[in-house]
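Residue numbers count from 1 along this sequence. First listed ligand is number 1; within each ligand, the first listed atom is number 1.
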Amino acid sequence: MKGGRKRVLVTGGAGFLGSHLCDRLIEQGNDVLCLDNFYTGTKDNISHLLGNPYFELLRHDVTFPIYLEVDEIYNMACPASPIHYQRDPVATTKTSVHGAINMLGLAKRVGARILQASTSEVYGDPEVHPQTEDYRGCVNPIGPRACYDEGKRCAETLFFDYHRQHKVEIRVARIFNTYGPRMHPDDGRVVSNFVMQALRGESITLYGDGMQTRSFCFVDDLLAGLMKLMASDVTGPINIGNPREMTVKELAEMVVKMTGSKSDIVYRPLPADDPMQRQPNITLAKKHLDWEPKIPLELGLEKTIAYFSKFVE
Ligand code: NAD
Ligand code: UDP
């Protein structure tokens with residue numbers, strides 16, 4: 001704490017979730033250090049904060065050590081879209097594993113509390129539905145998604161070992177599919193793909209038969225959950241996501257309707273190891289954090305469509 005302000009490090013702070021988190025932390029009067037190597041994040045996401053004396057931008061790769069003095073760390077650095085994390089899978093695993101080691105080492109040295117942005121992908125293609133935190137998952141360790149899934153699983157292992165062995169104060173959030181403004185328009189994730197395709201009048205690319213399910217959480221809800229977790233005495237892991245489940249086909253139809261688009265739907269092969277179902281059980285978050293999502297998909301999509309409209313002529 002310096003001058004009454006908490007010094008908060010956000011790794012991956014120029015990304016979709018990280019940049020919104022920086023906004024909120026600044027609003028709450030913190031001193032924010034945003035660390036990013038701009039692998040998928042952009043300066044545009046944080047340019048509005050650059051003139052603020054309590055906001056600092058560090059170009060750095062979390063796979064390398066860094067020495068800073070901070071009170072709290074949100075470890076958000078890692079590409080999250082399958083297309084991006086599979087582009088350089090070795091770098092993805094390094095980001096999760098070496099990044100966790102470096103950030104946990106920093107937390108240990110300065111006595112900072114550290115939150116890990118883990119993921120529903122630790123459950124893989126789940127046989128337990130909806131997913132509860134005690135479910136151990138079904139992940140293919142050698143498939144194309146493994147660089148992300150196993151990297152995040154190993155990061156969780158490191159968090160709990162630093163906690164048990166070195167008494168580091170950890171918080172582990174398992175984030176389920178989150179969407180909203182500042183997702184990269186060419187990010188490759190389903191919401192940004194469908195909205196951009198619908199706005200451009202291009203065909204909507206539905207992978208497989210579109211009957212696989214996901215549960216989509218609006219960014220504002222997600223961040224409220226993450227910040228509550230950081231402030232709580234809950235170690236986790238704890239699911240943060242919206243339990244409203246739908247098929248990917250239903251999402252496609254909803255986006256077409258809401259954008260008033262004339263786009264047709266085309267079917268493309270289902271990527272390897274694509275999970276067939278995903279829905280968070282958020283009983284623990286409700287009970288221990290008094291948190292649950294409030295923003296209905298219709299409203300969240302409306303805000304997201306308005307944001308992406310700016311990218312279309
Ligand atoms: P994003 O790709 O928009 O943001 C990730 C950020 O991390 C980017 O700014 C990127 O440049 C940065 N980054 C990547 N590798 C780095 C490295 N080696 N060093 C420094 N910075 C690096 O993705 P997002 O959706 O904002 O996701 C943020 C975090 O939340 C990720 O850790 C992701 O795994 C997790 N998460 C997100 C979702 C989701 O649906 N959005 C779901 C589960 C988990
Ligand atoms: N998907 C799709 N069309 C697209 C992009 C994704 O049908 O253009 C599907 C994808 O196969 C998956 C779901 O949408 O079943 C969610 O994909 P996303 O990449 O957003 O994240 P995931 O939950 O798979 O990590």
If you scan protein heavy atoms around atom 36 (N) of ligand 1, the nearest is Tyr148 OH, 3.9 Å

Strictly below 4.0 Å, N to O, side chains only: are Glu121 and Lys152 in salt-bridge contact? no

Identify the protein heavy atom lying closest to atom 4 (O) of ligand 1, giving its residue, its atom name and the separation to 0.1 Å. Gly15 CA, 3.5 Å

Pick from Arg214, Lys152, Arg174: the one approaching atom 32 (O) of ligand 1 most closely through a non-hydrogen atom: Lys152

Using every non-hydrogen atom in the two residues, find where Gly180 and Phe218 come nearest and quote the distance to one decimal. CA-CE1, 3.9 Å

Looking only at protein heavy atoms, which one is nearest to atom 40 (O) of ligand 1, and what is the separation? Thr178 N, 2.8 Å

Specify whether Phe176 and Tyr123 have parallel, tilted or perpendicular ring planes, treating 30° as the upper limit for parallel and 60° as the lower limit for perpendicular. tilted

Which atoms of ligand 1 are found less than 4.0 Å from any heavy atom of Gly12? 6 (C), 7 (O), 9 (O), 12 (C)

Which atoms of ligand 1 are found less than 4.0 Å from any heavy atom of Gly41? 8 (C), 9 (O), 10 (C), 11 (O)

Counting only heavy atoms closer than 4.0 Å, does ligand 1 sit against the backbone of Phe38, its side chain, both, or neither? backbone

Between Ser81 and ligand 1, which part of the residue brings a heavy atom under 4.0 Å of the ligand: side chain, backbone, both or neither? neither

Salt bridge or not for Glu56 and Arg7, using N-O below 4.0 Å? no

List ligand 1 atoms under 4.0 Å from His60, heavy atoms only on the residue side. 19 (N), 20 (C)

Tell me the nearest of Leu17, Asn102, Asn75 to atom 26 (O) of ligand 1, using heavy-atom distances. Leu17

Is it true that Arg214 and Asp274 make a salt bridge, defined as a side-chain N closer than 4.0 Å to a carboxylate O? yes

Would Glu298 and Arg244 pass as an ion pair if we require N to O under 4.0 Å? yes

Per-atom contacts of ligand 1 with Ala77, taking only distances under 4.0 Å to non-hydrogen atoms: 7 (O), 20 (C), 21 (N), 22 (C)

For the pair Phe311 and Phe308, name the ring-plane relationship: parallel under 30°, tilted 30 to 60°, perpendicular over 60°. tilted

Could you tell me whether Arg171 and Glu169 make a salt bridge, using a distance below 4.0 angstrom between a side-chain N and a carboxylate O? yes

Counting from 1, what ligand 1 atoms have a heavy atom of Asn177 closer than 4.0 Å? 40 (O)

Does ligand 1 have an atom that lies less than 4.0 angstrom from a heavy atom of Arg182? no

Could you see which bit of His184 sits under 4.0 Å from ligand 1, with heavy atoms only: side chain, backbone, both or neither? neither

Applying salt bridge (Lys or Arg N to Asp or Glu O under 4.0 Å) to Glu150 and Arg153, what does each step give before you reach the verdict? CA-CA 5 Å; Glu150 298 289 14; Arg153 285 169 68 94; 3.5 Å; yes

Apply the side chain to side chain donor-acceptor pair (under 3.5 Å) test between Thr213 and each candidate in Glu245, Arg278, Gln277, Lys249; give the one that qualifies. Glu245

Take atom CG of Asp290 as the centre, draw a 6.0 Å sphere, and report whether it contains more than 12 heavy atoms from other residues, nucleotides or ligands. no

So if I only count non-hydrogen atoms and take anything under 4.0 Å from ligand 2, which residues does that give, chain by chain? Pro82, Glu121, Arg145, Asn177, Gly188, Arg189, Val190, Asn193, Phe194, Thr205, Leu206, Tyr207, Gln212, Arg214, Val248, Pro271, Asp274, Arg278

Considering only the protein, which heavy-atom contact is closest to atom 41 (N) of ligand 1, and what is its distance? Arg189 NH1, 2.9 Å

Apply side-chain contact (heavy atoms from CB on, under 4.5 Å) to residues Leu17 and Thr178 and explain how you reach the verdict. CA-CA 9 Å; Leu17 297 180; Thr178 302; 3.8 Å; yes

Atom 17 (C) of ligand 1: closest protein heavy atom, distance to 0.1 Å, is Asn37 ND2, 3.3 Å

Ser118: heavy atom below 4.0 Å from ligand 1, yes or no? yes

Check ligand 1 against Pro79 and write out every atom of the ligand that is under 4.0 Å from a heavy-atom position of the residue. 2 (O), 14 (C), 15 (N)

Which one of Thr42, Leu21, Ile175 has a non-hydrogen atom at the shortest distance from atom 38 (C) of ligand 1? Ile175

Tested for side chain to side chain donor-acceptor pair (under 3.5 Å) against Arg174, the lone hit among Glu156, Gln131, Gln116 is Glu156

Say whether Ser215 and Asn242, considering side chains only, have a donor N or O and an acceptor N or O under 3.5 Å apart. no

Taking the six-membered ring of Tyr179 (Phe, Tyr or Trp), confirm whether the NZ or CZ of Arg189 is under 6.0 Å from its centre and within 45° of its axis. no

Less than 4.0 Å between a side-chain N and a carboxylate O, is that true for Arg182 and Asp23? yes

Quick test: of every protein heavy atom, which one is nearest to atom 29 (C) of ligand 1, and how far off is it to 0.1 Å? Met76 O, 3.2 Å

Which heavy atom of the protein is the closest neighbour of atom 2 (O) of ligand 1, given with residue, atom name and distance? Thr40 OG1, 2.6 Å

For atom 18 (N) of ligand 1, what is the nearest protein heavy atom, given as residue, atom name and distance? Asp61 OD1, 2.9 Å

Donor-acceptor pair, Asp31 side chain versus Lys6 backbone, under 3.5 Å? no

